[in-house]
Amino acid sequence: MKQRLLFLGPPGAGKGTQAQQLAVAKDLVHLSTGDLLRAEVQAGSALGQEAEAVMARGELVSDALVLAIVRGRLESHQGGWLLDGFPRNLAQAEALGQLLDDLGQQIELVVLMELDDDLLIQRLLSRGRTDDNEAVIRHRLEVYREQTAPLISHYRSRGLLEAVEAAGSVETIADRITELLG
Ligand code: B4P
């Protein structure tokens with residue numbers, strides 16, 4: 001079974017929802033940069049204070065900050081993992097490639113979760129997190145298109161990417177993803 005996984009997709013596609021369940025079912029470490037950043041904000045750390053305003057605007061937090069978090073988690077881990085919400089731009093993808101080379105590990109599958117904007121916006125508005133108002137959501141979708149969507153061809157050209165339709169029930173989508181793990 002493939003056990004070094006990356007979840008990619010627009011905000012609200014359900015990456016966190018699926019990643020959480022799959023990590024428990026397959027005993028993988030779930031590394032959500034969004035959750036880790038929110039935990040830093042909650043703790044009021046220097047890092048959290050730097051991230052808070054950026055996240056509230058729907059922008060991406062600095063690469064250096066996110067990379068420091070991911071490096072710390074992956075360095076101390078040997079088994080399978082699931083990266084959710086990272087990388088979010090080409091610079092992060094390249095830094096991740098370098099980090100994994102250093103660690104002698106490699107990505108086995110990139111799951112792209114695809115969903116229409118109308119459904120994304122509906123889901124995020126009903127989630128109701130502080131960064132989930134309509135203006136910020138629309139801005140996050142633009143940031144996704146400009147900075148994160150180029151990762152689709154980056155990973156597709158390496159033969160790692162599989163797309164999943166992210167409409168339907170949580171269970172249906174989970175079945176679609178599980179089929180790809182082999
Ligand atoms: P994230 O925390 O990564 O969250 P997300 O992309 O908004 O949502 P996700 O796709 O995980 O959707 P979810 O499961 O919650 O990012 C937040 C912010 O953190 C970013 O804007 C950025 O500022 C910062 N950040 C994170 N990573 C970064 C990085 N690497 N670099 C720089 N900055 C970074 O699902 C959404 C809603 O839909 C939920 O309410 C859920 O219950 C519902 N839902 C899920 N599946 C459903 C289904 N099948 N049917 C109906 N509803 C469903």
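In listed order, ligands and their atoms are each counted from 1. If you read the sequence from its start, that first residue is 1, and numbering goes on from there. Any value given below was found using the heavy atoms of this structure, including those in side chains, with hydrogens, waters and symmetry copies removed.
Residue contacts with ligand 1 for V61 involve both N, CA, C or O and side-chain atoms from C-beta outward (heavy atoms, distance under 4.0 Å). Proximity of I173 to ligand 1, defined as any heavy-atom pair under 4.0 Å, is confined to the side chain (atoms from C-beta onward). Contacts with ligand 1 closer than 4.0 Å are made by no heavy atom of P87, backbone or side chain.
Applying the 4.0 Å criterion to heavy atoms of S169 picks out, from ligand 1, the atoms 49 (N). Set against the non-hydrogen atoms of E59, the atoms of ligand 1 under 4.0 Å away are 22 (C), 23 (O). Within the listing of ligand 1, atoms 10 (O) sit less than 4.0 angstrom from a heavy atom of A13.
G14 N, 3.4 Å is the protein heavy atom nearest to atom 12 (O) of ligand 1. Remark: minimum distance from atom 20 (C) of ligand 1 to any protein heavy atom is reached at R88 NH2, 3.9 Å. In terms of protein heavy-atom proximity, atom 18 (C) of ligand 1 is closest to M55 CE, 3.9 Å. Considering only non-hydrogen protein atoms, atom 14 (O) of ligand 1 sits nearest to T17 OG1, 2.7 Å. When hydrogens are left out, the protein atom nearest atom 43 (C) of ligand 1 is R123 CD, 4.1 Å; that is the closest non-hydrogen contact.
Remark: Q49 engages no residue in a side chain to side chain contact (heavy atoms under 4.5 Å, CB included) (not counting sequence neighbours).
Here's the thing with S32: none of its N/O atoms is less than 3.5 angstrom from an N/O atom of ligand 1. For a threshold of 3.5 Å applied to N or O pairs, the pair formed by G168 and ligand 1 contains at least one separation below that value. Between R38 and ligand 1, at least one N/O pair is under 3.5 Å apart. Ligand 1 has an N or O atom lying under 3.5 Å from an N or O atom of G16, backbone or side chain. Checked by distance only, ligand 1 and V54 stay at 3.5 Å or farther apart across all their nitrogen or oxygen atoms. Annotation: L37 places no N or O atom under 3.5 Å from an N or O atom of ligand 1; distance criterion only. The shortest N or O to N or O distance between D84 and ligand 1 is not under 3.5 Å.
For the pair G9 and ligand 1, no heavy-atom separation below 4.0 Å is found. In this structure, G58 does not count as a contact residue of ligand 1, since none of its heavy atoms falls inside 4.0 Å of the ligand. Remark: distances from the non-hydrogen atoms of S126 to ligand 1 are all 4.0 Å or more. Residue M113 places every heavy atom at 4.0 Å or more from ligand 1.
A side-chain donor-acceptor contact under 3.5 Å links N133 to the backbone of V136.
I177 and L31 are assigned to two separate hydrophobic clusters, defined by single-linkage of ILVMFWY side chains at heavy-atom distances under 4.5 Å. In the hydrophobic clustering of ILVMFWY residues, with side-chain heavy atoms under 4.5 Å counting as a link, L180 and V110 come out apart.
Between R138 and E134 there is a salt bridge, since a side-chain N of the basic residue sits under 4.0 Å from a carboxylate O of the acidic one. Salt-bridge check for R140 with D132: passed, with a basic side-chain N closer than 4.0 Å to an acidic carboxylate O.
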